[in-house]
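Before any comments, here is the structure.
Lettering follows sequence order; numbering is per chain, from 1.
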2 protein chains.
Amino acid sequence: MWRVLLVEDQTIVRQGLKVILEQDPNIKVTHEAENGNQAISILEQHIIDFVLMDIRMPEMNGIEATRLIKRNWPKVKILILTTFNDDEYALQALKEGANGFLLKTSEPKKLIEAVHSCMNGGLTLHDEVAAKVMPRLLQYSEHPAISVELSQRELAITKCVGQGKTNKEIAEELHLSIGTVKNHITTILHKTDLRDRTQLAIFALKHHIGEQPL
Amino acid sequence: MWRVLLVEDQTIVRQGLKVILEQDPNIKVTHEAENGNQAISILEQHIIDFVLMDIRMPEMNGIEATRLIKRNWPKVKILILTTFNDDEYALQALKEGANGFLLKTSEPKKLIEAVHSCMNGGLTLHDEVAAKVMPRLLQYSEHPAISVELSQRELAITKCVGQGKTNKEIAEELHLSIGTVKNHITTILHKTDLRDRTQLAIFALKHHIGEQPL
DNA sequence: ACTTAAAAATGACCTCAGTCACTATTTATA
DNA sequence: TATAAATAGTGACTGAGGTCATTTTTAAGT
């Protein structure tokens, strides 16, 4: 039996949600709150497994509340339920650790499925929201292909430059002389058609050199 | 009526999918292919609205096929259907423009819903896949809060440094003297507790200075 | 065995970056 | 009004960054 906290400022909507959720025998709406502040104090006093949260609320909004809840009760699952197909909100909420994002236009059955999914470690995204959010996220994860061949040493040095290290620090880390590091950098700059170490650092970050490829 | 192409190497699975899909009156499985190559040649000869694609196939896999299809027929919707809850595949497929990603463990009804969602511009992600993929994507989109106050000028200069410009170039762009640019950079480096322009460039990229906030 | 390329190193050389001190104007706020 | 902060500038100094020529060793490929 999951103890659910409803956070929603409109009483009628709250009542409706309660009726829908309690059609499922696993769900028991044990508490209700009208805003983020109330939600926090309920969490401080009672054991809650799941929070169903509206975004736009007076006092403290859903994003803020999500942050605070996830900070203090990381195990509590949070599903965001909102009227607006707003990718900005969705992204913020997910960053704060929300376990799902549904629109109020969804069917009741979807809502219950989403609760189950959340409780089982899933993350339910409303299809339309996902379609808006994913392109933006994917754009950040793109690493342009490296068009030039860099040797292992050169990659190691490029990585260091991308971490903001000086030639001296790089020399020490790789057990080389400063002159050698300089020479390598000259070679790298020629190969990559870049001008100086700053541009090389930018190159390293954009190509995620030194990280696990996504 | 949506004309659907099934791409799946196992005949039995293909048959099963066809039966499931055609329970929906809007869906007509007009063509079938055993691998990516066959899929491409079918698309070249017939009008297709929707492709349901397996990932692991002989000859040409689903990712590759997705790329080629989206390149040549960008309007065709593609839903990936796979046995494996593999976030690596999911990410690649989505990058190539796939309109959804479902596991074969999903219920038949979900599959049909996903087709509808795709055709209406949605993007259906299997909950478990989403739970794996989203944290990785969000990590890239994180911009740590800027802990120091930078003035407008300082932000403008930081942005330029993050684009790999020299002091001279910055001076010209902002109609300042080189000396002034240097002075600003000294101030910025003090405020941000950084050492040189390379570290500042890294700072600028990590904080996405000069971009629209996500 | 011969060739090619990566890797390592040295020294000379020059430029740009960054610091510092000091000045001056504008703007906002206590 | 006085004070602080942002903005803009100059000149002098130091050092790190980057280039180039040249050498040596090692490893891989034909």
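A/T180 comes within 4.0 angstrom of a base, heavy atoms only. Counting non-hydrogen atoms under 4.0 angstrom, B/D196 reaches the backbone sugars and phosphates but no base.
In this structure, A/I170 places its CD1 atom 15 Å from P of C/dA7, rounding to the nearest Å. Across the protein-nucleic acid pair, A/Q152 atom CD and D/dA28 atom P stand 13 Å apart, rounded to whole Å. C/dC16 atom P lies 10 Å from atom CG of B/N167, rounded to whole Å. Note: CZ (B/R153) to C1' (D/dA5) measures 15 Å, nearest angstrom. Taking atom CD1 of A/I178 as the reference point, atom C1' of D/dA16 lies 9 Å away to the nearest angstrom. Between the P atom of D/dT22 and the NZ atom of A/K182 lies a distance of 19 Å, rounded to the nearest Å. Rounded to whole Å, atom C1' of C/dA9 lies 10 Å from atom CG of A/L176.
Within 3.5 Å, a donor on the side chain of B/N183 pairs with an acceptor on the base of D/dT10, or the reverse.
The only member of B/K104, B/R56, B/R14 that meets salt bridge (Lys or Arg N to Asp or Glu O under 4.0 Å) when paired with B/E8 is B/K104. Of the listed residues (A/L150, A/N167, A/L174), just one forms a side chain to side chain contact (heavy atoms under 4.5 Å, CB included) with A/I157, and that residue is A/L174.
Contact between the side-chain N/O atoms of B/T186 and the OP1/OP2 oxygens of C/dT19 is found at a separation under 4.0 Å.
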